[in-house]
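Take a look at the structure below.
Numbers here are sequence positions counted from 1.
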Amino acid sequence: MSLSDAKLRALKPRLKPYKVADRRGLYVIVSPAGGIAWKFNFMLDGKQKTLSLGRWPAVSLYAARDMRDEAQRMLAEGVDPAAVKQERKRATPPSEKPTFEDAARRWHAAQSPKWTDGYTRQVLIRLEADVFPHIGAKRFAEITRGDILDMLRKVESRGVGETVRRLRQYVGAVYRFAGAEDESIIDPSPMLRGALTAVPEPVHHSMLPPAELGEFVLRLDGYDGEVETRLAIKLTLLTAVRTMEMLGAQWNELEDWESPKAEAKAMWRIPGERMKSGDPHMVPLSRQACAALRELHKLTGNGAMLFPVSRRTPGKRITMSNNAMLFAMYRLGYRGRATIHGFRRNFSTWANEHGWPSDDVELCLAHDERNRVRGAYNAAKRIEPRRMLLQAWADHLDAERRDARISA
């Protein structure tokens with residue numbers, strides 16, 4: 001079956017890159033981060049070669065097919081289309097190459113169908129106000145790392161650290177967009193991280209050092225206090241929700257978690273009245289989260305709440321106190337070193353460093369800045385990519401625990 005625009009839009013990222021064929025040697029590679037790249041395989045002198053044709057949607061289906069047809073005409077004449085592509089790049093006069101603003105506007109137009117109208121406007125306003133006046137008129141070969149750093153530091157001087165972080169992300173995305181068509185364009189933004197003032201984080205949201213995650217999970221597994229408290233911490237770590245969202249969870253909010261056969265669709269639907277934003281939130285549940293829920297259900301499944309008031313300290317409270325989780329952290333040896341809320345930062349840091357789309361990360365975290373994430377308040381937005389992300393996070397925690405056990 002050939003590809004179509006509808007099929008391309010429906011392609012979802014998986015844990016590993018995968019290939020989807022069109023026809024006559026043309027296909028796409030879908031990356032774990034959601035990128036879709038055109039490729040064309042051909043034989044020349046008895047060897048298989050691959051020609052990169054750019055990224056969708058910047059290169060449309062019909063444009064990719066035209067490029068494949070041109071490559072096949074070259075092959076019929078005994079010409080290597082990959083060599084021709086490289087020669088054309090070297091021969092292209094600098095004056096004909098796009099400026100940063102040209103590429104940025106094309107990137108913006110390509111992304112806007114996936115964004116809300118408000119977020120689309122916000123991104124363009126930030127680019128026009130802070131980026132284009134400094135580097136917009138320059139071509140990529142003319143832009144130095146210092147140019148970008150100077151631009152970001154001028155914004156930083158206004159005391160808007162979050163805007164600086166976003167602008168650096170936009171610049172990097174534009175470079176990668178343009179680099180899909182021109183291999184000489186390399187994203188410099190990762191080199192700028194240490195040169196800018198870090199956005200301050202509240203002290204009470206201390207993040208566990210990533211290198212200690214495995215040891216923490218190992219210690220948590222051996223926690224000798226209340227089982228419900230151990231499972232509350234574990235589920236909070238696996239789902240990246242806020243503490244009170246976890247402690248207020250009710251069994252009737254959960255779907256398809258009871259059996260391993262159904263857990264591929266397992267979901268936790270948190271009603272808006274229990275969310276910080278006031279909007280409902282959907283949390284895809286990993287296999288590990290479902291297993292923890294099944295263990296918990298044996299203890300508290302007869303009631304409405306996942307974490308009712310402790311059996312040892314009954315009182316007026318309906319749910320377990322957040323102090324129970326805090327004191328468990330103390331007992332595990334993490335007083336002053338990490339907090340429950342800090343697990344959200346652990347998740348965010350790991351996901352962003354491993355190339356997961358930032359919008360999916362923000363959606364998992366249910367951040368309440370409405371213009372910050374496209375469609376963040378459509379509860380069902382990008383459920384399957386988020387399911388893959390949370391499953392990958394759970395698998396990462398398992399791998400870290402195994403490594404910690406081996407090193408111990």
Could [X] and [Y] be called an ion pair, given the rule that one side-chain N must be under 4.0 Å from one carboxylate O?
X: R331; Y: D224; result: yes
X: E101; Y: R105; result: yes
X: E362; Y: R344; result: no

What heavy-atom pair brings [X] and [Y] nearest, and what distance separates the two atoms?
X: T300; Y: P308; result: CG2-CD, 3.7 Å
X: I270; Y: M275; result: CG2-SD, 3.6 Å
X: N41; Y: Y27; result: OD1-OH, 3.0 Å
X: P284; Y: I383; result: CG-O, 3.8 Å
X: D130; Y: H134; result: O-CD2, 3.1 Å
X: L293; Y: W251; result: O-CH2, 3.6 Å

Are the side chains of [X] and [Y] in touch, meaning some heavy atoms are under 4.5 Å apart?
X: K138; Y: T99; result: no
X: F42; Y: Q48; result: no
X: M329; Y: T339; result: no
X: F347; Y: L365; result: yes
X: V30; Y: P17; result: no

Are more than 12 heavy atoms, taken from residues, nucleotides or ligands other than N252, located less than 6.0 Å from that residue's CG atom? yes
Rounded distance (nearest 0.5 Å) linking atom CD1 of I143 with atom CD1 of I135: 4.5 Å
Donor-acceptor pairs under 3.5 angstrom involving side-chain atoms of residues 229-241: please list them, not counting sequence neighbours.
from : atom 1 : to   : atom 2 : distance (Å)
R230 : NH2    : E295 : OE2    : 2.6
T236 : OG1    : A232 : O      : 2.7
T239 : OG1    : L235 : O      : 2.7

Donor-acceptor pair, [X] side chain versus [Y] backbone, under 3.5 Å?
X: Q250; Y: L306; value: no
X: R386; Y: M282; value: yes
X: Q111; Y: H108; value: no
X: S112; Y: A109; value: yes
X: S157; Y: K154; value: yes

Using the test salt bridge (Lys or Arg N to Asp or Glu O under 4.0 Å), find all partners of [X] that sit at least two apart in sequence or belong to another chain.
X: R68; result: D22
X: K49; result: D80
X: R24; result: D69
X: E245; result: R242

Show which side-chain atoms of residues 258-269 pair as donor or acceptor with protein atoms under 3.5 Å away, not counting sequence neighbours.
from : atom 1 : to   : atom 2 : distance (Å)
S259 : OG     : K261 : N      : 3.1
E263 : OE1    : R294 : NH1    : 3.3
E263 : OE1    : R294 : NH2    : 3.4
W268 : NE1    : E253 : OE1    : 2.9
R269 : NE     : E255 : OE1    : 3.3
R269 : NE     : E255 : OE2    : 2.6

Kindly state each residue pair satisfying salt bridge (Lys or Arg N to Asp or Glu O under 4.0 Å) with at least one member in residues 207-223, sequence neighbours excluded. E212-R337, E215-R219, D221-R401
Can you sort out the partners of [X] under ring-ring contact (aromatic ring centres under 6.0 Å, His included), two or more places apart, ordered by chain and number?
X: Y170; answer: none
X: F327; answer: Y330
X: F216; answer: Y334, F343
X: Y175; answer: F140

In terms of ring plane angle, is the pair W393 and W350 parallel, tilted or perpendicular, where the classes change at 30° and 60°? tilted
Measure the acute angle between the ring planes of H396 and H354, then classify it against the limits of 30° and 60° as parallel, tilted or perpendicular. tilted
Donor-acceptor pairs under 3.5 Å, side chain of residues 53-64 to any protein atom, not counting sequence neighbours: which ones?
from : atom 1 : to  : atom 2 : distance (Å)
S60  : OG     : A63 : N      : 3.1

May I ask you to check whether K39 and S52 show a side-chain donor-acceptor distance below 3.5 Å? yes
